[in-house]
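Chain letters run A, B, ... following the sequence lines, proteins first and then strands; every chain starts at 1. Bear in mind the structure is a predicted one, so any value in this text is a computation, not a measurement. Heavy-atom basis, side chains included; hydrogens, waters and symmetry copies ignored.
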Protein chains: 2
Amino acid sequence: MDVMDLVEHLGGAARVERFKVDKTLFHRGDPTRHMYGVLDGQADLRRITIEGAEIIVHRAQSGELFAEAALFSPRYHCDGVATAGSKIALFEKTALLELMQSDGAFAVGFCQRLARQVQRLRSSIELRAMHSAEDRIMAALSLRLGDGETRYALPGTWKSFAQDIGLTHEALYRALKRLERSKRLHRDGRMIQLGV
Amino acid sequence: MDVMDLVEHLGGAARVERFKVDKTLFHRGDPTRHMYGVLDGQADLRRITIEGAEIIVHRAQSGELFAEAALFSPRYHCDGVATAGSKIALFEKTALLELMQSDGAFAVGFCQRLARQVQRLRSSIELRAMHSAEDRIMAALSLRLGDGETRYALPGTWKSFAQDIGLTHEALYRALKRLERSKRLHRDGRMIQLGV
DNA sequence: CGTCCGCTTGACTCAGATCAAACTTGGTGG
DNA sequence: CCACCAAGTTTGATCTGAGTCAAGCGGACG
């Protein structure tokens with residue numbers, strides 16, 4: 001179930017809008033009306049600390065839902081802001097909850113989506129607990145590999161991979177070079193060959 | 001909805017067992033029968049990398065569910081191991097899915113639980129993107145504070161707080177001292193007073 | 001053709017990890 | 001009630017590796 005499936009499922013209770021950079025989607029404290037899904041672009045959930053600094057609670061990329069928690073809270077507890085020109089889907093909270101109540105299959109599908117999210121996020125956290133860049137890269141790749149596989153095609157750029165695993169691109173490139181020198185990994189463009 | 005609520009909801013399809021340290025709950029590749037909830041103790045989800053190293057995909061603490069993804073997968077893709085003497089609830093996958101299908105309110109409640117998880121995990125990741133220990137501490141505390149509050153009672157030990165935010169306890173204590181010296185925070189045991 | 005962006009490498013810095021050690025605190029059991 | 005042990009707390013010294021700033025290369029795309 002991807003974001004567009006959700007839009008179709010909800011029919012009139014969902015709509016797609018375009019937002020310009022820095023356009024605010026909702027403010028902290030507003031009553032919750034919508035859950036959102038990024039179709040294209042990027043959006044941030046932000047909060048202001050006591051000291052006035054801004055912290056990013058979540059940066060949603062294309063294909064991600066965000067503000068799911070709004071479904072279960074009467075008010076937003078963060079600000080939502082488009083951080084690029086973005087195409088974003090708005091899902092009416094009440095309609096979504098009703099659909100979940102009444103349509104068992106839909107509810108299961110939605111849970112599945114959330115469960116996968118949880119799984120990905122947890123492994124991402126444990127990954128970041130590894131201090132060595134080399135270990136982090138090897139672990140991240142191992143997680144993406146399925147079942148005895150030893151080759152992997154990077155879906156995005158190396159730079160975005162660096163972000164995914166919480167490294168600067170410089171640190172990534174250097175660690176990759178060390179891994180290649182010690183024959184733990186070989187790469188050709190975006191094809192990666194583990195071990196040898 | 002906490003773990004014990006789930007046990008009651010599921011009746012005969014849930015049971016509670018005790019596991020000794022290093023007792024394996026399930027192996028990677030086994031057909032999925034259960035989702036789990038830690039009542040007491042600790043359990044790890046682990047995978048072995050190509051190079052034979054063990055990576056921890058998730059460490060579940062008391063009160064947490066784990067292996068939710070098992071609900072939607074025919075086989076476990078990690079090993080599950082108790083890392084302490086633990087009391088763990090086992091929920092039958094099929095019963096859970098059926099209940100979710102047929103009982104709308106239950107499905108919504110389960111989604112709520114997952115949504116909160118997602119929310120917490122995301123903010124935890126963004127938190128770890130902050131490089132300075134002081135910023136990390138202040139941001140973490142700000143997130144735990146609700147709405148104009150300025151005092152906070154730490155639920156666990158400082159050491160466990162350090163783990164939560166991805167610092168060593170030494171780094172935490174030092175940063176706390178700096179924060180106190182610069183009057184950005186005051187603490188008395190486990191009571192924390194922000195700003196002043 | 002020029003610009004943007006991903007890629008790559010270099011030099012430097014510093015904050016947090018690591019190892020070590022002392023002290024408090026709380027709980028257990030005799 | 002006290003001895004004792006485990007765990008949390010606190011401080012010190014040292015080191016390392018990722019962040020940062022800087023700069024050059026090359027391919028894609030308008």
Would you tabulate the side-chain donor-acceptor contacts of residues 16-29 of chain B under 3.5 Å, counting partners in other chains and residues two or more places apart, or write 'none'?
unit_1	atom_1	unit_2	atom_2	d
B:Glu17	OE2	B:Arg15	NE	2.7
B:Glu17	OE2	B:Arg15	NH2	3.0
B:Arg28	NE	B:His77	O	3.4

Review item, side-chain donor-acceptor pairs of residues 152-168 of chain B, under 3.5 Å, at least two apart:
unit_1	atom_1	unit_2	atom_2	d
B:Tyr152	OH	B:Arg144	NH1	3.2
B:Thr157	OG1	B:Lys159	N	3.4
B:Thr157	OG1	B:Ser160	N	3.0
B:Thr157	OG1	B:Ser160	OG	3.4
B:Trp158	NE1	B:Gly189	O	3.2
B:Ser160	OG	B:Thr157	N	3.3
B:Ser160	OG	B:Thr157	O	2.9
B:Asp164	OD2	B:Arg144	NH2	3.3
B:Thr168	OG1	B:Ala171	N	3.2

Would you list the atom pairs, donor with acceptor, under 3.5 Å between side chains in residues 82-101 of chain A and any protein atom, with sequence neighbours excluded?
unit_1	atom_1	unit_2	atom_2	d
A:Thr83	OG1	A:Gln42	O	3.4
A:Thr83	OG1	A:Gln42	OE1	3.0
A:Ser86	OG	A:Gln42	N	3.1
A:Ser86	OG	A:Gln42	O	3.2
A:Ser86	OG	A:Ala84	O	2.7
A:Lys93	NZ	A:Thr32	OG1	2.9
A:Lys93	NZ	A:Ser73	O	3.3

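Qualifying side chain to side chain donor-acceptor pair (under 3.5 Å) partners for B:Glu54, counting only residues two or more places apart in sequence or in other chains: none.
The distance from the OG atom of A:Ser124 to the NE2 atom of B:His58 is 13.5 Å, given to the nearest 0.5 Å.
Within 4.0 Å (heavy atoms only), B:His169 reaches at least one base atom of the nucleic acid. B:Ser160 comes within contact range of no nucleotide atom at all, as no heavy-atom separation falls under 4.0 Å.
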Quick test: give all pairs of protein nitrogen or oxygen and nucleotides 10-13 of chain C nitrogen or oxygen below 3.5 Å, distance rounded to 0.1 Å.
unit_1	atom_1	unit_2	atom_2	d
C:dG10	N7	A:Arg174	NH1	2.8
C:dG10	O6	A:Arg174	NH2	3.1
C:dA11	N6	A:Arg174	NH2	3.1

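Rounded to an integer number of Å, the gap from NE2 of A:His131 to P of C:dC19 is 11 Å. Here C:dT8 presents its C1' atom at 13 Å from CH2 of A:Trp158, a figure rounded to the nearest Å. Between the CZ atom of B:Phe161 and the C1' atom of D:dT9 there is a distance of 15 Å, rounded to whole Å. Look at CG on A:Asp164: it is 14 Å from P on C:dG6, rounded to the nearest Å. Between A:Leu176 atom CG and C:dC7 atom C1' there is a gap of 11 Å when expressed in whole angstrom units. Spacing between atom CZ of B:Arg128 and atom P of C:dG16 amounts to 14 Å, rounded to whole angstrom units. Rounding to whole angstrom units, CD of residue A:Glu134 and P of D:dA18 are separated by 7 Å. One atom, NZ of B:Lys159, and another, P of C:dG26, lie 16 Å apart when rounded to the nearest Å.
Atom CZ of A:Arg178 is surrounded by more than 12 heavy atoms from other residues, nucleotides or ligands within 6.0 Å.
Salt-bridge formation is detected for the pair B:Arg122/A:Glu68: a Lys NZ or Arg NE/NH1/NH2 atom is positioned less than 4.0 Å from an Asp or Glu carboxylate oxygen. Between A:Glu126 and B:Arg59 there is no salt bridge, since none of the side-chain N atoms of the basic residue sits less than 4.0 Å from a carboxylate O of the acidic one.
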In sequence, state the C-alpha distance, the side-chain angles, and the governing distance for A:Arg184 and B:Ile50, and then conclude on side chain to side chain contact (heavy atoms under 4.5 Å, CB included).
-> CA-CA 10 Å; A:Arg184 299 170 64 193; B:Ile50 286 200; over 6 Å; no
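The B:Leu167 side chain lies nearest to C:dA17 when the options are D:dA18, C:dA17, C:dC7. Here C:dT8 is the nucleotide among D:dT20, C:dT8, D:dA18 with the atom lying nearest to any side-chain atom of A:Tyr173.
For A:Arg136, no side-chain nitrogen or oxygen approaches OP1 or OP2 of D:dG17 to under 4.0 Å. Considering only side-chain N and O atoms, A:Thr168 lies nowhere under 4.0 angstrom from the phosphate OP1 or OP2 of D:dA18.
Within residues 184-192 of chain B, the residues that place at least one heavy atom under 4.0 Å from DNA chain D are, in residue-number order, B:Arg187, B:Arg190.
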